[in-house]
Amino acid sequence: MICSRGPMARLLPTTNGSQICVYSNLCFICVNLWLISFSMNPEIRVRFAPSPTGYLHIGGARTALFNWLFARHHGGKLVLRIEDTDIKRNTEEAAAAIYEGLEWLGLNWDAGPHIGGDLGPYFQSQRTDIYERHLKQLQDAGHIFEDAGALRFRSPREHVVVNDLVCGKIDFDLTNPGTHPDMTIRRPDGSWIFHFVNVIDDIEMKISHVIRGEDHLSNTPKHIELYRALGAAPPHFAHIPLILNRDGSKMSKRDAGARLATYIEQGYTPEAVRNYLCLLGWSPKDNREKIDIDEVVKLFELEKINRRNAAFDLDKCFWLNGQYIAQMSLDRFIELARPFLEKAKIDISDQAYLRAVLSIAKEKIKLLNDVPEWTRYFFTEQYEFDPTAVEKVFGKPEAAERLIALRDEFAKIENWNVEKIEISLKTLAQKLGCKTGDLVHPARVAASGRSVGPSLYHMLEVMGKKRVLARFDRAIEKFAPPPRVSS
RNA sequence: GGCGCGUUCGUCUAGUGGUUAGGACACAGCCCUCUCAAGGCUGGUGCACGGGUUCGACUCCCGUACGCGCUGCCA
């Protein structure tokens, strides 16, 4: 038996694997030569092969990410293959969620739907001829038997060692038919079973590394049996740990947060989610949390992947999202925030004003979904007044008087800017003998209807003098206590 | 049930025989402050359990428990 692993192995006929390459695993020499040839190896081809369920699972997204990282790290290719053997309706529609999710995460593929490629088609439903051909090959070799109309693959009944790049060497005993029955590869109605078509496609598409969820680890020896029966060298395998819920239970599609789309809808940024996903099972090992994707590509190695399942920590993802928003450029923030503002039907036609508003709101935003709430009052005079804020601030009888005084001081300002506004307010506070906050709070509620928001001075500057004075006037009229009637 | 994988703070992780077991999120307190955040500082919480091996185990081996996966004519 020759060492069937590794691109270099085939180029080295002198490598006598009969003694060192047990179970067709990598021999030591091959490993080293293979590792040397590892960087920027165009022979490296990986694939992401989701079933078109109508949504992209967060675990699937990470599997896609790890495949993408591996391909990019080595200068290899990523293939996207849609495994639609079982789902006969609306495949394209259901697959759209997958494309959208991958694109949102910035994970491009080198062959597959929309892109094409030499080794297509990339929908299993369109590959029947290929499967028929390989089935015939197996039948001719006597590997197939019929059972109640279905076709089964007769297991060779041997031990199969899986040499997993993440999990290490694992010996599976497949000799007992009672515990490892012969797998079905085709149903009586002619449709194909996953194990068979998956292997055929990986062979046909020249996949060098199969990086997939650990739920497939136990299936792998069966797949290797198929490779051998077909006379093909099995690819390298890397089974990555699963993503669980916070409580350690398996994340099923019904769990909140299982669908990538929920993160998109809630206003997480793609860079933050992608970064968070990178850290689930993989680590740069230097305590970095926010790490640029280019840096991850540079550092990513399958050997650094954990073997233990990871719980999805929404708190941390949320924190990371805030970090990304705080540190991203204003242009990027505007780009990301715009659809959320449009969806909230906020009039953002004034680009310069929008830019000014977002520049001061940016530091407050943790979730893009919150942008409308934090900025709506900038764009309309019909903003709501938070009853609690009004009660707290204008509950004090002096508040209205102070606001009136502030309004008069502000009216005198010629160059309406942050510095002038601040000086004006603080000077007045001193004059009235009150705290700065005693003016700031009424001003804030009057101008925005809220008790929280960006720096007041910046906020007022952006709104403009005219708008601010008008809002003060209306607030004074609305919240000033009625004049006392003395008897 | 059988087989496989896993087990370091609540969570994500660093750590491969000798560390005061490090970082991050979350949490608590303090500082700063016009609010809310952010930021800074401080703090508590962890090697699942039991046996080995060793001068010495979080680290290596075995077992137990627990978790997860596979065991489909789902993928």
Side-chain angles (χ1 to χ4, degrees), chain A residues 49-53 57 60 82-87 124 147-152 162 164 166-168 170-174 176 178-181 183-195 197-198 212-222 239 241-251 276 278-290 306-320 322-323 325-326 363-366 374 389 392-393 422 425-426 429 435-445 448 450-459:
Chain A
S51 177
T53 51
H57 190 274
I82 304 299
E83 304 217 331
D84 56 345
T85 55
D86 198 48
I87 296 155
Q124 289 187 328
D147 172 28
L151 297 183
R152 288 179 182 270
V162 176
D164 193 276
V166 173
C167 303
I170 305 159
D171 188 333
F172 290 90
D173 180 0
L174 268 44
N176 184 352
T179 55
H180 293 86
M183 72 180 124
T184 305
I185 64 168
R186 193 176 202 181
R187 302 185 190 87
D189 70 358
S191 61
W192 304 96
I193 301 299
F194 156 76
H195 303 294
V197 293
N198 184 268
R212 73 217 318 188
E214 199 199 80
D215 48 340
H216 288 298
L217 182 58
S218 297
N219 289 327
T220 305
K222 290 193 293 193
H239 288 92
L242 270 20
I243 296 179
L244 309 174
N245 289 313
R246 240 344 255 281
D247 63 4
S249 62
K250 186 191 176 187
M251 196 180 254
Y276 181 70
C278 285
L279 263 23
L280 236 37
W282 177 88
S283 159
K285 311 234 183 244
D286 58 7
N287 289 337
R288 271 184 293 180
E289 307 291 337
K290 181 169 181 283
N306 271 331
R307 298 173 73 167
R308 60 180 292 214
N309 294 162
F312 193 98
D313 184 355
L314 191 60
D315 283 332
K316 187 154 182 176
C317 187
F318 178 79
W319 169 80
L320 203 49
Q323 293 290 306
I325 288 176
E363 63 177 86
K364 300 292 168 189
I365 302 298
K366 293 294 179 40
W374 280 88
K392 189 179 173 192
V393 171
E422 180 168 358
L425 185 145
K426 285 188 171 168
K435 289 187 290 185
T436 310
D438 292 330
L439 290 175
V440 165
H441 300 311
R444 180 185 297 285
V445 173
S448 72
R450 298 159 55 99
S451 60
V452 299
S455 156
L456 179 78
Y457 313 121
H458 292 83
M459 189 173 107

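Below, chain A is the first sequence line, B the second, and so on; all start at residue 1.
- Out of B/G10, B/C73, B/A24, the shortest distance to the side chain of A/E289 is found at B/A24.
- Look at NE2 on A/H239: it is 20 Å from P on B/C3, rounded to the nearest Å.
- With a 3.5 Å ceiling on both atom-pair distances, B/C58 lacks any Watson-Crick or G-U wobble partner.
- Atom CG of A/L244 is separated from atom P of B/U7 by 13 Å (rounded to the nearest Å).
- With B/G4, B/C34, B/U13 as the choices, the nucleotide that has an atom nearest any side-chain atom of A/V440 turns out to be B/C34.
- Counting any heavy atom pair closer than 4.0 Å across all strands shown, A/W192 reaches sugar-phosphate atoms only and no base atom.
- In the interface, the side chain of A/R307 is not paired with the base of B/C5 through any donor and acceptor atom under 3.5 Å apart.
- Each of B/G4, B/C73, B/G2 was ranked by its minimum atom distance to the side chain of A/T179; first place goes to B/G2.
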Subject >> Residue pair A/H239, A/V166: steps toward the side chain to side chain contact (heavy atoms under 4.5 Å, CB included) verdict >> reply: CA-CA 6 Å; A/H239 288 92; A/V166 173; 5.6 Å; no
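- Closest to the A/R308 side chain, of the nucleotides B/A75, B/U8, B/C34, is B/U8.
- In this structure, B/A75 makes no Watson-Crick or G-U wobble pair, since no nucleotide meets both defining distances under 3.5 angstrom.
- Out of B/C36, B/G69, B/G22, the shortest distance to the side chain of A/N287 is found at B/G22.
- Nucleotides B/G29 and B/C70 have their P atoms positioned 44 Å apart, rounded to a whole Å.
- Base engagement by A/L456 is indicated by at least one non-hydrogen atom pair under 4.0 Å involving a base atom.
- The partner of B/G63, taking Watson-Crick or G-U wobble pairs whose two distances both stay under 3.5 Å, is B/C49.
- Place A/R444 and A/L280 on RNA chain B by their nearest nucleotides, and A/L280 ends up nearer the 5' end.
- With C1' as the reference atom, B/G46 and B/U8 are 6 Å apart, rounded to whole Å.
- Between the OH atom of A/Y276 and the P atom of B/A26 there is a distance of 12 Å, given to the nearest Å.
- When the P atom of B/C5 is taken as reference, atom CG of A/D171 falls 10 Å away, rounded to whole Å.
- A/A148 comes within contact range of at least one nucleobase, with a heavy-atom separation under 4.0 Å.
- Between the side chain of A/H57 and the backbone N or O of A/M251, at least one donor-acceptor pair lies under 3.5 Å.
- Nucleic acid contact for A/K366: sugar-phosphate only, since backbone atoms but no base atoms lie under 4.0 Å from a heavy atom of the residue.
- Using a 4.0 Å heavy-atom distance criterion, A/P454 is classed as a base contact.
- Side-chain contact check for A/D315 versus A/R246: some heavy-atom pair is nearer than 4.5 Å.
- Within 4.0 Å (heavy atoms only), A/G453 reaches at least one base atom of the nucleic acid.
- In summary, A/D286 and A/R288 engage in a salt bridge, as defined by a charged side-chain N under 4.0 Å from a carboxylate O.
- Minimum atom distance to the side chain of A/A310 is reached by B/U13, of the listed B/U13, B/C73, B/C5.
- Rounded to whole angstrom, the span from the CD1 atom of A/I243 across to the C1' atom of B/U11 amounts to 14 Å.
- Here the separation of B/C74 from B/G15, taken at their C1' atoms, is 40 Å to the nearest Å.
- The same atom, P, is picked in B/A24 and in B/G18; the two are 24 Å apart, to the nearest Å.
- Counting non-hydrogen atoms under 4.0 angstrom, A/D315 reaches the backbone sugars and phosphates but no base.
- Using a 4.0 Å heavy-atom cutoff across all strands shown, A/Y457 reaches at least one base atom of the nucleic acid.
- Among the protein residues, A/Q124 comes within range of no part of the nucleic acid, since none of its heavy atoms lies under 4.0 Å from any strand.
- The same atom, P, is picked in B/G10 and in B/A48; the two are 11 Å apart, to the nearest Å.
- Among the protein residues, A/G281 comes within range of the sugar-phosphate backbone only, with heavy atoms under 4.0 Å from sugar or phosphate atoms but none that close to a base.
- Phosphate proximity of B/A75 to A/T85: present, with a side-chain N or O under 4.0 Å from OP1 or OP2.
- Nucleotide B/U11 is matched to B/A24 when pairs are restricted to Watson-Crick or G-U wobble geometry with both distances under 3.5 angstrom.
- In this entry B/C70 has B/G2 as its Watson-Crick or G-U wobble partner, both defining distances falling under 3.5 Å.
- Comparing atom distances between the A/H441 side chain and each of B/U35, B/U71, B/U11 picks out B/U35 as nearest.
- More than 12 non-hydrogen atoms from other residues, nucleotides or ligands lie less than 6.0 angstrom from NZ of A/K290.
- Residue-to-nucleotide proximity on RNA chain B shows that, of A/K364 and A/I170, the 5′-proximal contact is made by A/I170.
- The shortest side-chain heavy-atom distance between A/R212 and A/T220 falls under the 4.5 Å cut-off.
- Atom C1' of B/C66 sits at a distance of 31 Å from the matching atom of B/A28, rounded to the whole Å.
- Residue-to-nucleotide contacts include a donor-acceptor pair under 3.5 Å from the side chain of A/S218 to the base of B/G69.
- Between A/H180 and A/F172, every side-chain heavy-atom pair lies at or beyond the 4.5 Å cut-off.
- Taking atom P on both nucleotides, B/U19 is separated from B/G72 by 49 Å, rounded to a whole Å.
- The separation of B/A14 from B/G50, taken at their C1' atoms, amounts to 27 Å, rounded to a whole angstrom.
- When Watson-Crick and G-U wobble pairs are counted only if both distances are under 3.5 Å, B/G39 pairs with B/C31.
- Minimum atom distance to the side chain of A/R187 is reached by B/C74, of the listed B/C74, B/C70, B/U35.
- Side-chain atoms of A/K285 stay outside donor-acceptor range of the base of B/A14, with no qualifying N/O pair under 3.5 Å.
- Between A/Q323 and A/E289 the shortest side-chain heavy-atom distance does not fall below 4.5 Å.
- Phosphate contact (OP1/OP2 of B/C34, side-chain N/O of A/T436, threshold under 4.0 Å): absent.
- Residues A/R444 and A/S448 bring no donor and acceptor atom of their side chains to less than 3.5 Å of each other.
- The separation between A/K222 atom NZ and B/C3 atom P is 16 Å, rounded to whole Å.
- Each of B/U11, B/C25, B/C5 was ranked by its minimum atom distance to the side chain of A/E214; first place goes to B/C5.
- In this structure a side-chain-to-backbone donor-acceptor pair under 3.5 Å is missing from A/N306 to A/R308.
- The distance from atom CZ of A/R246 to atom C1' of B/U13 is 13 Å, rounded to the nearest whole Å.
- For A/H195, taking side-chain heavy atoms from C-beta onward, the closest of the listed nucleotides B/G4, B/C73, B/A75 is B/A75.
- Side-chain to base pairing of A/N306 with B/G6: no donor and acceptor N or O lie closer than 3.5 Å to each other.
- Going from atom CD of A/Q323 over to atom P of B/A38 covers 9 Å, rounded to whole Å.
- One can find a donor-acceptor pair under 3.5 Å joining the base of B/C34 and the side-chain atoms of A/S455.
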